Amino acid sequence: MADDAIKSGQEGGLQAPTRHALGWQEPDFYDATALEKELDRVFDICHGCRRCFNLCNAFPTLFDLIDASKTGEVNGVDKKDYGQVVDQCYLCDMCYMTKCPYVPPHPWNVDFPHLMLRAKAVKHRSGGTRWRDRVLSSTDTVGAIAGIPVVVEAVNAVNKSPWGRKLLDSVLHVHPEAPVPTYVSKTARKQLAHRPTGGVAHPAGGTSGKVALFATCYVNRNEPQIGLDLARVFEHNGIEVALAERETCCGMPKLELGDLQAVERLKDNNVPQLLAMIGRGYDIVAPIPSCVLMFKQELPLMFPDDADVAKVRDHMFDPFEYLALRHKAGLLRTDFARPLGKVSYHVACHLRVQNIGLKTRDVLQLIPGTTVEAIERCSGHNGTYGAKREFRDRSMKIGKPVMQRVQAGGADYYASDCPMAGHQIESGLENHPPPTHPLTLLKIAYGL
């Protein structure tokens, strides 16, 4: 099929890709027969093209199944084996954004990530989700329990000990060598509460000049310093930082699981809170690319007719996107006190998908005596994928080119906008030097 399109000159096109709504509330979305038919169609197109062989492991898994079949075609693959392909997809969207020549508006209408999401949703609704995966994706619950004073010390001690990692492996099948986060009881939201408000804001470049921080589960309960550094840098630039009254998980972990009803519940909790802040004149920033993407793209595609979701989307920013807009308007301070030297900068997949350009690199390169090498490859972290026992080796193979470039680069710092990706890279480096988040680098450069 793909060969025919190539010969006819219809492959790809000059038009920008378009993304259709997910359609998860349509009657046939969860129909297993309709899903299998669409998997047959798209897998056949992928088999005839094979451009995505070097992205994630979903495509090599598919092609190996086809090549090992009796017919050497999709029709020779046992339909029960389709799940192996689905399990390897972590919804990074890189195939859609950078590789596939058959995405809409091409008439073949291939959206591989959304097809994998549909298959995950059908599996989840049919009761096929593992208990381990339900636990790992319940970030609010796990973080709240692990962050209880006294409990938090025990949790962190277990996670750092060899016997504790063996226990974690036996109970949750988390690989003993995969990085796991440290938990805190003094969360970012606690430390940033009761900040002064009401200063003079200076709107410019599509920004209001004051922001509400969506702290995210990870920054709030695992690395609150990232949130504190964001607030310090923004306030240094005259940007007020406030918090919504409350927040819950953005929904990305549940989306990756296919639990779309849970995503809807989380949306119903978060969107009214963020709307209230927007109504008070605030923009929204979040320091984790996946959380920004959730509000910018995934929720609008799930709820295309929801005006409230659209309003949050239009006021949601990546932190460095926000700072770059302020710089373009002449409102970013450049009174840097310290050069950073050479920085190896990993561009997270969920940041690349936002199509905002390399704003983190651009802002860091404003610092005198600083050069930034951008690495646009997957780290292999990918949500919980890289932590799971069955995927750990594959995740390290996916991330190896990034780790090798960081190792060979000899930079003074290495960084990723996704702190979890940063620790995935750390796990593959000799002597395991830790990453430094770009917001922390900016704070260092300002001498704050």
Side-chain angles (χ1 to χ4, degrees), residues 21-22 24-25 91 117 120-121 124-125 129 133-148 181 183-185 187-195 211-224 226-227 230 241-319 350 383-384 420:
L22 183 60
W24 67 286
Q25 295 171 318
L91 306 178
L117 177 56
K120 291 173 187 288
H124 179 78
R125 175 168 281 195
T129 301
D133 296 334
R134 293 197 299 271
V135 170
L136 293 180
S137 63
S138 299
T139 53
D140 281 328
T141 301
V142 172
I145 295 172
I148 296 173
Y183 288 91
V184 299
S185 57
T187 65
R189 286 183 58 84
K190 287 180 181 178
Q191 296 186 63
L192 291 170
H194 311 301
R195 304 187 72 72
V211 302
L213 172 65
F214 187 85
T216 77
C217 302
Y218 185 88
V219 168
N220 189 41
R221 298 189 180 275
N222 301 117
E223 292 194 45
I226 295 172
L230 183 151
V241 179
L243 296 172
E245 182 177 345
R246 62 181 182 273
E247 70 177 66
T248 55
C249 175
C250 69
M252 182 62 80
K254 293 299 183 183
L255 183 82
E256 293 173 346
L257 200 64
D259 188 354
L260 303 184
Q261 288 71 31
V263 174
E264 183 174 31
R265 291 192 296 271
L266 293 167
K267 180 267 296 183
D268 290 342
N269 289 332
N270 281 319
V271 166
Q273 297 293 322
L274 298 179
L275 278 178
M277 298 304 291
I278 293 168
R280 291 166 54 191
Y282 290 90
D283 297 317
I284 315 296
V285 297
I288 301 292
S290 297
C291 303
V292 176
L293 183 69
M294 196 69 196
F295 289 105
K296 276 191 173 185
Q297 174 176 294
E298 304 299 350
L299 289 177
L301 288 172
M302 283 184 66
F303 305 95
D305 300 320
D306 190 320
D308 291 343
V309 169
K311 190 168 185 177
V312 172
R313 174 199 64 201
D314 295 341
H315 287 81
M316 174 65 66
F317 295 88
D318 167 83
H350 279 174
T384 58
M420 295 158 284

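None of the values given here were measured: they were computed from a predicted structure. In this chain, numbering begins with 1 at the start of the sequence shown.
Under the 4.5 Å side-chain criterion, counting only non-hydrogen atoms from C-beta, Arg265 is in contact with Gln261. Taking the side chain as every heavy atom from C-beta outward, Leu213 and Leu192 approach each other to under 4.5 Å.
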Requested in this report: Please report the C-alpha distance between Asp308 and Leu274 in whole Å, then the side-chain angles of each, then the deciding distance to 0.1 Å, and finally whether the side-chain contact (heavy atoms from CB on, under 4.5 Å) criterion is met.
Outcome: CA-CA 9 Å; Asp308 291 343; Leu274 298 179; over 6 Å; no
Report task. Decide side-chain contact (heavy atoms from CB on, under 4.5 Å) for Met252 and Glu298; before the verdict, give the C-alpha distance in whole Å, the side-chain angles of both, and the deciding distance to 0.1 Å. Result -> CA-CA 9 Å; Met252 182 62 80; Glu298 304 299 350; 4.2 Å; yes
Query raised in the report: Please walk me through it: do Val285 and Phe214 pass side-chain contact (heavy atoms from CB on, under 4.5 Å)?
Result: CA-CA 6 Å; Val285 297; Phe214 187 85; over 6 Å; no
Requested in this report: Please step through side-chain contact (heavy atoms from CB on, under 4.5 Å) for the pair Leu260 and Leu22, ending with a clear verdict.
Outcome: CA-CA 11 Å; Leu260 303 184; Leu22 183 60; 4.1 Å; yes
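Proximity of a side-chain donor or acceptor of Asn220 to a complementary backbone N or O of Ala215 within less than 3.5 Å is not detected. The backbone N or O of Ala244 lies less than 3.5 Å from a partner atom in the side chain of Arg189, making a donor-acceptor pair. Of the possible polar contacts, one joining the His350 side chain to the Leu91 backbone as a donor-acceptor pair under 3.5 Å is found. Under a 3.5 Å cut-off, the side chain of Lys190 and the backbone N or O of Ser185 do form a donor-acceptor pair. Side-chain atoms of Asp140 come within 3.5 Å of backbone atoms of Cys249 as a donor-acceptor pair (strictly under, hydrogens ignored). Between the side chain of Glu247 and the backbone N or O of Thr216, at least one donor-acceptor pair lies under 3.5 Å.
Residues Pro319 and Leu230 come closest through the heavy atom pair CG-CD1, 3.7 Å. Cys291 approaches Ala286 most closely through the heavy-atom pair CB-CB, 4.4 Å. Scanning all heavy atoms of the two residues, the minimum distance from Val263 to Gly251 falls at CG2-O, 3.6 Å. Of all heavy-atom pairs spanning Met277 and Ala242, the tightest one is CE-CB, 4.0 Å. Closest approach of Val309 to Pro300, counting heavy atoms only: CG1-N, 3.7 Å. The nearest pair of heavy atoms linking Ile226 to Pro287 is CG2-CB, 4.0 Å.
Rounding to the nearest 0.5 angstrom, the gap separating the SG atom in Cys217 from the CD1 atom in Ile288 is 9.5 Å. Atom NE2 in His315 sits 14.5 Å away from atom CZ in Phe295 (nearest 0.5 Å). Residue Ile278 holds its CD1 atom at 7.5 Å from CE of Met316, rounded to the nearest 0.5 Å. Here CE of Met302 is found 7.5 Å from CG of Leu117. Values are rounded to the nearest 0.5 Å. Note that CZ of Phe303 is 7.0 Å distant from CG of Asp268, once rounded to the nearest 0.5 Å. Note: Met294 CE to Leu299 CG = 4.5 Å, rounded to the nearest 0.5 Å.
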